[in-house]
Each structure stands twice: as structure tokens, then as C-alpha cells.
Amino acid sequence: MAEERTEAGRDGSRGALAAFGALALVASVAGAAWLLGLVPERTPAEARVEEPAVGALLPLDSFIANLADEDGRRYLKATLQVEFFGARVPDEFNARVPQMRDLMLTLLTSKLFAEIRTPEGKAVLRDDITNRMNRALNKDLVKAVYFTEFIVQ
């Protein structure tokens, strides 16, 4: 009975040794092919174009606007920065800054205090600003809008 266990143990170790040998053979063939340059290079179509992690940022002057509340006594002062997809501010946006400011003032004066006082409300406002700017430009140039100052009085 002791002999049966020994032979069974040898067969198991032979299988593991054979599997390890096959794995080592495959790895060495792949390594040799890579060293000899037999592995094809990535084509330009396969290479991904890396977008910058942070696009160009353009600070806009502060906005002061009356909110659309019934009593008309609430004012909003907001300062924001616009982030673009590219590494530089597009010339199209620079040429239309007055239009973007008008768009912002019109949007801000249409908002109620209850709509913008929560973090969710500010997030919706950011998305709305981004979408309106991109629609006015007829291109998706604006990636995000960041509030650097947001005061309601």
C-alpha cells in the first residue's frame, strides 16, 4: 500500500513538472520573439490619442445677477472658470466671450434661490451652463464649468 501512494505521488509531480515546463517554454518563445522584433508594432490606428488630463482653463469675470424669486431681493455673485477639451482656449470661444456672458446672465436671472442653493442644484446649473455654451458654439468645446465663487445674498 505504501508503494501505491509513492507511485501516485510521482505521477502527480510529473504532471505539474510538465505543465511548468510547457509554461516556461511558451514564455521563453514569446520573450525571444519580442527581443528579436518579431512582434508587430502597434499601428497608428491602434495607438490611442491621449487627451490632456486637465484642459485649458479660462477664468471669466464675476457675474452679479438678480435671482427670479418673487420678492426680487436676492442677488447672486458667481465667478467661474471654463475648462476646454483641448490644451488651449479655442479662438472661437475667445471671439464670443460677450455672447457667453450674456448667455450666463440670462440663465442666472431665470433661476430661483431654491433651485441653486443645494449642491445638486449647483451641479445642474453647471451642466446647464456647459450645454448652453456648447450649443452657442455649435461644437463641443467646453468640457466643464467650475464655480470659484458663489454667493447669494
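Considering every non-hydrogen atom in both Ala136 and Met100, the closest pair reads CB-CE, 3.8 Å. Scanning all heavy atoms of the two residues, the minimum distance from Leu141 to Asn134 falls at N-OD1, 3.0 Å.
By the side-chain contact (heavy atoms from CB on, under 4.5 Å) test, Val124 is found to be paired with no residue, residues two or more places apart in sequence or in another chain being considered. A search for side chain to side chain donor-acceptor pair (under 3.5 Å) contacts involving Lys139 returns Glu92, not counting sequence neighbours. Not counting sequence neighbours, the partners of Tyr146 by the side chain to side chain donor-acceptor pair (under 3.5 Å) test are Glu83. Under the salt bridge (charged side-chain N to carboxylate O under 4.0 Å, His left out) criterion, Lys122 pairs with no residue at all, not counting sequence neighbours. Not counting sequence neighbours, the partners of Phe147 by the ring-ring contact (aromatic ring centres under 6.0 Å, His included) test are Phe150.
Residue Glu149 qualifies as enclosed at atom CD: its count of foreign heavy atoms under 6.0 Å is above 12.
Partner of Gln81 under the side-chain contact (heavy atoms from CB on, under 4.5 Å) criterion, out of Leu57, Val145, Leu58: Leu57 alone.
Hydrophobic cluster membership differs between Leu112 and Leu76, with clusters built from Ile, Leu, Val, Met, Phe, Trp and Tyr side chains linked at under 4.5 angstrom.
The side-chain heavy atoms of Val89 and Asn94, taken from C-beta on, include a pair separated by under 4.5 Å. Looking at heavy atoms from C-beta onward, Val82 lies in side-chain contact with Phe93 at the 4.5 angstrom threshold. Side chains of Leu80 and Met104 form a contact here, defined as non-hydrogen atoms less than 4.5 Å apart.
Screening residues 97-108 for side chain to side chain donor-acceptor pair (under 3.5 Å), with sequence neighbours left out, gives Arg96-Gln99.
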Per-pair distances, 0.1 Å, donor-acceptor, side chain in residues 126-133, under 3.5 Å, sequence neighbours excluded:
residue	atom	partner	partner atom	Å
Asp128	OD1	Arg132	NE	3.3
Thr130	OG1	Arg126	O	3.0
Asn131	ND2	Asp127	O	3.2

Pair up each side-chain donor or acceptor in residues 59-71 with any protein partner under 3.5 Å, not counting sequence neighbours, and list the distances.
residue	atom	partner	partner atom	Å
Ser62	OG	Thr79	OG1	2.6
Asp69	OD1	Phe113	N	3.2
Asp71	OD1	Arg73	N	3.4

